[in-house]
Amino acid sequence: METTMKKLPPKPVTAKTRAVKWLSWILAIVVLIWSCTGLDFTGIKPTAGQITSAIFNGLFHPDWSYVYNGSGEDLVSQLWQTLCIAFLGTFISAIISIPFAFWAANTRHKKFWVSESGKIVLTFIRSFPEIVLALMFIKAVGPGAPAGALALGFHSVGMLAMLFSEAIESLDDGPSEAITAVGGSKFNVAVFATMPDLMPALVSNTLYRFDVSVRSASVLGLVGAGGIGYPLMIALNYRQWSRVGIILLGIIVMVVIIDWISGAIRKKLV
Amino acid sequence: MLKLPKKKFKMWNWVWVILMILGLVLSVQNTGTSLPEFFANFDQFGEIFVQMAQPDWSYAGTAIPYLVETIKMAIISTVIGSALAFIYSLLIARNIVHNKVITGVLRFIMNIIRTIPDLLLGSIFVAIVGIGPVAGILALTVFTFGVVVKLFYEAIETIDPGPSEAIKAVGGNGMNNIMFAVMPQIMPYFVSYALYAFEINVRASTVLGYIGAGGIGLQLKNTLDMFSYNQTGMIILVIFLVVLVIDFISTKAREALMR
Amino acid sequence: SSSKSSSSSKVYTPSKSHPLTIQFVPSQAASTLEAKAKPLEKILSKKLGVPVKISMSTDYNTVVEAMKSKKVDVGFLPPDGYVLAHKQKAADVLLQALRYGIKQPGGKQTNKLVKFYRAEILVKKGSKIKSWKDLKGKKIAVQNATSSAGYIFPIAELKNKGLDLTKKGNANLVTVTGHDQAVLDVLNGDVDAAFTFEDARNTVLADQPNIMKKVVPIYFTKGIPNDTVSVRSDMSSAFRKKLTKAFESLRNNKKSLKIIESIYSHEGYTPSKDSDFNIVRKYDKMAATK
Amino acid sequence: MIRQNFFKELYSMAEQPMIEMKNVTKVYDNGTVGLKNINLKINKGEFIVIVGLSGAGKSTLLRSINRLHDISEGDILIDGESITKAKGKNLRLMRRKIGMIFQSFNLVKRSSVLRNVLAGRLAYYPTWKTTFNLFTNEDKQRAYEALQSVDMAEKVYSRADELSGGQQQRVAIARVLTQNPEIILADEPTASLDPKTSHQVMEDLRMLNEKYNMTVVANLHSIELAKEFGHRVIGVRAGEIVYDGKMEDTPQSVFDSIYNGGTGKEED
Amino acid sequence: MIRQNFFKELYSMAEQPMIEMKNVTKVYDNGTVGLKNINLKINKGEFIVIVGLSGAGKSTLLRSINRLHDISEGDILIDGESITKAKGKNLRLMRRKIGMIFQSFNLVKRSSVLRNVLAGRLAYYPTWKTTFNLFTNEDKQRAYEALQSVDMAEKVYSRADELSGGQQQRVAIARVLTQNPEIILADEPTASLDPKTSHQVMEDLRMLNEKYNMTVVANLHSIELAKEFGHRVIGVRAGEIVYDGKMEDTPQSVFDSIYNGGTGKEED
Ligand SMILES: Nc1ncnc2c1ncn2[C@@H]1O[C@H](COP(=O)(O)OP(=O)(O)OP(=O)(O)O)[C@@H](O)[C@H]1O
Ligand SMILES: Nc1ncnc2c1ncn2[C@@H]1O[C@H](COP(=O)(O)OP(=O)(O)OP(=O)(O)O)[C@@H](O)[C@H]1O
Ligand SMILES: [Mg+2]
Ligand SMILES: [Mg+2]
């Protein structure tokens, strides 16, 4: 090109940004290396091959007799119960989550510490292990599905309310201002301005959570909180691989159906 | 002035309401849940919580090394799991791979992987590689993969197609497209979803301990078995602190990247 | 202490409106298990004349807590679970499960009913470890510190004999989950020995047909009481008697025997008293003292 | 118009001002000074346009009046009563007297037009009634009539997001009409509308001013519209009032100087 | 301008056309007919503007040329070579010869200006080099010079999303410049820009056309800009070419008829 053209100047990086960049890279690598230390990986066990093939053998020869036998303790009834636990749990948590979400949402016209305290509470709920929660509910309502549903309902609030509050934060705050301007109370603002526009996010996050809950519901059976978890755990502990196989198949079919339905709902509502 | 006309009947709204009520009734019936019973026994519910609320500080010394192991496990599996998920999500994003057969098959596989409960993954890996953190890492890796791959590919599918077109128009190939048009757009999502997965992994390890897949979960089970709820409280407290820190980091990272 | 609890002022009797709730924790010594509740529910409810609800958990902690909060009336508790529960005044023992004894070598079942099982120490065949004395300095797979067979009994007995494996340097104890896992770890050479129930090798027999030849026991502990049938401490003595009779009679009917056999791998129930568990308490204490 | 101005002047002598700002200063949290020592009296029935460069503080001024922004210093009186000190229920009752029209309409997109318009009556009800949607039939009819007067009656059950920009703004006006306030604050009500619709919206505002004798305070960017509709012009720059005068007395030069960075201080 | 047109005509006689469309038809998957039997020759160094109503098929025409859209029938030759049949590496090499400027700029918002401009050189490198960002210093300098020629040098390390619309479009032009193509396709390059910036962008295109003798084909909505910058006008309606003529021979009536639904077939 022409001679009047200037040379490309070097990239203007301040010492600080360069240092930050390098430091974060180094830090990341150090952390990664550190996390690999002290984990003695003893390699694949000699028995792994046999066991893997036993597992696959079981998975591919599922115990069909377990699918349905009318006793109420077959795969279909247990999955149905799991589904009911997940549904009820999600329902409960969606309702509890709404006030929590308003609390934790960092919107304008709100003191910083209010939303921050809400967020911390949600984090606390999230870090409370489901199993411990289930134990507490078992003490209150006895062992079985109700404890599972309640534990799930309470535990999910941590995540669901966080997702809701993020949705609230990303809402346009014009309508809220309009309601405030006509003399509406804070509650009016929530009901008239925020809720309607929040609906799509509410629905899709709840559906997403339902998905997760179905999987969690299968954990709670460990401590006697109902659902497919207990039979699954027993089958695993006593190495009944064909039973594991049919349960896994059942869960897959159920989740795929749920995915499909919730996809349809999402499309319809959003 | 005209009179306000009657509102049109909207069938779908009612269908939804009825479906929800039906679902609620069915699930309450099936599970036999009774809220009054819960409130009647609320003191029982609180009993363990009260004990946990007085954490055994001296137990921190025992718990922290396990927590460190948990964090290590979570880091490794988050890194590997999200890296795999990243590659996989590129293969199933319809705006990158246009072959519907390939994306369809790969998505079906993804859905199956996503379905498997973490507990089952853990048990299978424990059976294969034996008790210990490695089984946990493998289980969490697959679990992470399942959680983030869907988020990733949805993010990829919502990127602005303009830059990709521009790269195509200058004669760039698929890889050029990924490096120049796709990556810069999805990087912030990538980081924030990976951190999200990291948090989930730290929490998931409490369950994995039940089946012996290493980390703090085993300790959690121990304290419960011994009815030492003040120690359980200590464990929950340290998990809480770690999750708080992760939350903080992820907020900061997102801010830095979204700038 | 006696099995009659003095803690509660009001006694409790299940009735038509208050179903008898039973919770079950599978025994570590069972080798197969059909996780079912309904068949036993029917039989018991017929025998007792009150509705019966059975639920299951893999964890005795929840059972004890639920018994404490009066949400569970009867618990099938493992011995260590029972001892902890009784200490918290949550449960009194009523019966113990009966199982067929195990014959060595070979780990096959005998047809003698016993109310005890033992812990064993397994090593790989041909290992240099010939007796408990050789365990010093070795890597040993143990279960949770609350497990009778997988931890407390072997540790306590060896301590009694002068080998304190919990002392630093005396052994490298690796906590694993599941007796099947411990057996596999020995087989794989990941550990030199494992503490399990007798005979845990059966749990992996299907996956590893040669296990009996490749992994062998070198030591057996004293008997550990079988699973208990425990009741909440405020259960009326009349109903306790009724329960005892009902459970004892399960063995006498082919159909009901088959049910308890197949779903819980129990062969019957025999009355028990709290003092039968003193050995567990003693060993607990011994295992815990430094 | 002349007749009206005459009335207004009559009023302003006899009564207290509808809006009075006394030494009002507003400093944003980040230190930006939004308003600097503003003193202003607005009488009942006036139609005021506020003009000024982008960032001059027009929106801040308007939003201070109904306390969507809290001010840092000074006092604002609505009909003789201080809104600065009002709290809770009382504040809401004062806000009920002040309608607001926004540049971006601020309708609840996923609610029906009717519900949006009914929102104007919120402050007339206890909260629980509105929560269960227990508006009186009278109020529903009132909302419908408001829609008729802005020519939007046939959209009463449509969802707000199905409307065009101009239609949305007219729904917002119907909301204000239903609220039946004494003051209307309009923050660039026409900024995102095409010229024809803008005109229509301004006509609606004029209707509110003339027919219902509402006091209108509007921020406008368009000098043409300002000239056509305003009775009194207030020029703002850098948070200060730099001009205040009757429209008929205001020469083009004042607008030019306001928009080009001059002082604009012919009167004051 | 006259001097140049003269050259162009000279060329067109001597050489083969730069772009040739032969019986091109494009039917979209949903059945919409985008282009109907188009025949068109464009010579090297021409500056062509395409005008037509919204939905007429202007974008479709342009995007068919570099095969961002596949056509259904017919053939398109670039410099005598069929792009319709080209595949893989070959297609990419042909696209390298064709720069494109988009209405919405299509910059990677979160990448630096330099990286965006360097993207223009992608087709000159093996993939692995670009993956690791191994551009030669020469190419970096070339990118920088391109930025200088559109007066954007000082923004070289800014992120693209920090730029205004007009600045972004100029970065896009610098990208094309770095690509050093023989043809430039511009799809409404000024649609989202204000009049002043639009003019500047069109000046830049003219610069590419005059200084580097690139063939420019631009869709334009603005008749003023079309008249000012184009040498030849192509009118499109409903997927067909309804007018094709030199700008100086094209009366206003042609534009009127194209935009008002007349046939516009004075010549052809
Ligand atoms: N929430 C806020 N926090 C901090 N500063 C703000 C805030 N809102 C506005 N400002 C600043 O206050 C000043 C006045 O802003 P204001 O919105 O009142 O201007 P305006 O006259 O309405 O401009 P425009 O015509 O662009 O709407 C500006 O400098 C603006 O940047
Ligand atoms: N991807 C597509 N799928 C189906 N039909 C399309 C697609 N893109 C464009 N069309 C249709 O093809 C026709 C021509 O569209 P095109 O975008 O070429 O018009 P245009 O002249 O560029 O209009 P505008 O000035 O609005 O950009 C239109 O009827 C349009 O609806
Ligand atoms: Mg403003
Ligand atoms: Mg177009």
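In what follows, every chain begins at residue 1, and chains take the letters A, B, ... in the order their sequences are listed.
Scanning both residues, E:Arg115 and B:Met179, for their nearest heavy atoms gives NH2-O, 3.3 Å. Considering all non-hydrogen atoms of both residues, E:Ala123 and B:Val170 come closest at CB-O, 3.4 Å. Taking every heavy atom of both residues into account, E:Met100 and B:Ala169 meet most closely at CB-CB, 3.9 Å. When all heavy atoms of E:Val108 and B:Pro184 are compared, the closest pair comes out as CG1-CB, 3.5 Å.
Note: E:Thr130 leads E:Asn116, E:Asn66, E:Thr130 in heavy-atom pairs under 4.5 Å with chain B.
Between E:Ser111 atom OG and B:Gln185 atom CD the span is 8.5 Å, to the nearest 0.5 Å. If you take CZ on B:Phe180 and CG on E:Leu122, they are separated by 4.5 Å, rounding to the nearest 0.5 Å.
Within a 6.0 Å sphere centred on CZ of E:Phe135, heavy atoms belonging to other residues, nucleotides or ligands number more than 12. For B:Phe248, the CZ atom is loosely surrounded, since the number of other residues' heavy atoms within 6.0 Å does not exceed 12. More than 12 non-hydrogen atoms from other residues, nucleotides or ligands lie less than 6.0 angstrom from CG of E:Asn30.
Side-chain atoms of B:Pro188 and E:Arg110, non-hydrogen and from C-beta on, do get closer than 4.5 Å to each other.
Only the side chain of E:Arg175 comes within less than 4.5 Å of a heavy atom of chain B; its backbone N, CA, C and O stay farther away.
Looking only at atom types and distance, the side chain of E:Thr127 has a donor-acceptor partner in the side chain of B:Asn173 under 3.5 Å away.
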B:Lys168 vs E:Arg95, side-chain contact (heavy atoms from CB on, under 4.5 Å): CA-CA, chis, key distance, verdict:
CA-CA 8 Å; B:Lys168 226 167 136 188; E:Arg95 278 183 178 155; 3.5 Å; yes
